[in-house]
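Worksheet: one structure, shown below.
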Amino acid sequence: MIVSPSLLSADFSNLQGAVEMINSSSADWLHIDVMDGVFVPNISFGFPVMDAVGKILKKPMDVHLMIVEPQKWVTRVRDTGAAIMNIHQEACVHLDRAIHAIHDAGMKAAVTLNPSTPVCMLEDVIQGLDMVLLMSVNPGFGGQKFIDGTVDKVRRLRKMIESNGSKAIIQVDGGINAATAPLVAEAGASSVVAGNYVFGAPDPMAAIETLKRC
């Protein structure tokens with residue numbers, strides 16, 4: 001399992017320590033949740049924090065933009081050192097154009113679906129994606145309970161990916177822990193985002209190892 005701990009759940013008074021822990025851990029990526037208070041009902045952090053993190057992070061930066069008009073920021077996200085730029089289908093009118101722009105900027109392109117958005121919304125762009133992120137909570141806040149119907153949604157997405165010959169991987173974000181990660185893995189996900197489970201654990205590095213074994 002590809003594990004991408006979410007910086008949103010880290011101690012903001014010691015972000016350097018959190019990033020250094022990720023560098024020393026078996027985590028594959030670091031997930032960066034950017035929220036604007038418009039697309040989602042919360043505000044997290046922006047480019048100054050991402051720039052600082054990018055200077056010390058030794059793992060790929062997995063940037064998830066929960067903002068309106070994310071396509072405007074492709075170049076700026078690239079400049080933070082991001083390896084993956086993830087935009088919401090619901091926030092992007094010209095999704096195909098945005099996916100091409102992300103690739104042209106040298107990043108992997110990912111698209112997120114909210115819990116209420118069916119996987120069929122990506123059928124016409126799935127071949128151009130490197131990853132699809134399924135939200136297993138309603139986006140905006142950490143610490144929410146996993147939506148059980150996500151497991152079947154992963155199965156439906158996996159079937160669509162295979163039938164279209166896409167190489168996209170499936171990532172799941174929200175309520176991920178030692179109990180829910182195996183469920184989405186069995187359904188076809190190969191990456192998980194975990195915030196509270198990792199950064200709230202007595203031993204965050206051990207929590208990451210537990211997820212990687214799923």
| request: Count the heavy atoms belonging to other residues, nucleotides or ligands that lie under 6.0 Å from NZ of K108, then report whether that count exceeds 12. | output: no
| Should we count CE of M205 as having more than 12 external heavy atoms under 6.0 Å? | yes
A side-chain contact here means heavy atoms from C-beta on lying under 4.5 Å apart; do [X] and [Y] qualify?
{"X": "V184", "Y": "V192", "result": "yes"}
{"X": "V125", "Y": "I99", "result": "yes"}
{"X": "Y197", "Y": "T210", "result": "yes"}

Thinking salt bridges, do [X] and [Y] make one under a 4.0 Å N-O criterion?
{"X": "D104", "Y": "R97", "value": "no"}
{"X": "E186", "Y": "R155", "value": "yes"}
{"X": "E209", "Y": "K212", "value": "no"}
{"X": "R156", "Y": "D152", "value": "yes"}

| said: Clusters formed by hydrophobic residues whose side-chain heavy atoms approach within less than 4.5 Å: which one holds L133, and what are its other members? | reply: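 Listed partners: M135, V137.
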Show the atom names and distances, to 0.1 Å, of all donor-acceptor pairs under 3.5 Å that link a side chain in residues 139-150 to residues at least two apart or in another chain.
unit_1 : atom_1 : unit_2 : atom_2 : d
Q144   : NE2    : N138   : O      : 2.7
Q144   : NE2    : F141   : O      : 2.9
T150   : OG1    : I147   : O      : 2.8

| said: Looking at S24 and M21, would you say the former's side chain and the latter's main chain have a donor-acceptor pair under 3.5 Å? | reply: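 No.
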| task | Would you check if the side chain of E90 reaches a backbone N or O of T117 as a donor-acceptor pair within less than 3.5 Å? | result | no
| request: Could you tell me whether the side chains of S6 and D33 share a donor-acceptor contact shorter than 3.5 Å? | output: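 Yes.
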| Any idea which heavy atoms bring V19 and L57 closest together, and the distance? | CG1-CA, 3.8 Å
